[in-house]
Amino acid sequence: MIIISYDIEDDKLRNHFNKMLTKNGAVRLQYSVYEVNNTNRIIENLKIKIENFYSRKFGGGDSVVIFEVGENKIVKYGNAIHRDTDVIFL
């Protein structure tokens with residue numbers, strides 16, 4: 001399972017991102033936080049879409065953070081990669 005949190009300024013890109021997450025089995029937990037509890041293949045495909053398509057379109061204030069639950073691994077894209085403070089999640 002992964003948790004995806006995002007902050008995307010552009011309305012059109014944000015709406016496209018929301019639809020893509022939903023089509024890939026994501027369930028909205030909060031306005032910009034989704035849970036994806038699916039097969040490893042679908043989760044990996046989702047990460048590839050974010051990295052290869054969306055991260056290239058991000059502006060300076062955009063970010064996507066992926067929390068890999070159970071693996072203690074966090075993947076950050078966009079502006080989030082510049083924040084080097086430790087993040088603790090339970």
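Placement of Met20 and Ile42 in two distinct hydrophobic clusters is found when ILVMFWY residues are connected by side-chain heavy-atom separations under 4.5 Å, directly or transitively.
Separation of atoms CG (Asp10) and NE2 (His16) is listed at 11.5 Å; rounding is to 0.5 Å. Separating the CD1 atom in Ile48 from the CD1 atom in Ile43 is a distance of 12.5 Å, to the nearest 0.5 Å. The CG atom of Leu46 sits 5.0 Å away from atom CG of Asn24, with the distance rounded to the nearest 0.5 Å. Going from atom OH of Tyr34 over to atom CG of Leu29 covers 9.5 Å, rounded to the nearest 0.5 Å. In this structure, the separation between CD on Glu35 and CD1 on Ile2 is 10.0 Å, given to the nearest 0.5 Å. With values rounded to the nearest 0.5 angstrom, Arg56 atom CZ is found 8.5 Å from Glu51 atom CD.
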Exercise. Checking side chain to side chain contact (heavy atoms under 4.5 Å, CB included) for the pair Asp7/Val65: CA distance, chi angles, key distance, verdict?
Worked result: CA-CA 9 Å; Asp7 187 6; Val65 180; over 6 Å; no

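Contact between Glu9 and Arg14 at its shortest, heavy atoms only, is O-NH1, 3.2 Å. Across every non-hydrogen atom of Lys57 and Phe53, the tightest pair is CE-CZ, 3.1 Å. Among all heavy-atom pairs drawn from Ile50 and Ile4, the shortest one is CD1-CD1, 4.1 Å. When all heavy atoms of Gly25 and Asn38 are compared, the closest pair comes out as CA-ND2, 4.2 Å.
The aromatic rings of Phe58 and Phe17 stand perpendicular to each other, their planes meeting at an angle above 60°, with 30° marking the opposite boundary.
Residues Leu21 and Tyr6 have side chains in contact (heavy-atom distance under 4.5 Å, counting atoms from C-beta outward). Residues Asn18 and Arg28 are in side-chain contact: their nearest non-hydrogen atoms beyond the backbone lie under 4.5 Å apart.
With hydrogens and angles disregarded, a donor-acceptor distance shorter than 3.5 Å links the side chain of Asp62 to the backbone of Gly59.
Ion pairing of Lys47 with Glu44 is present here, as a side-chain N (NZ or NE/NH1/NH2) and a carboxylate O approach within less than 4.0 Å.
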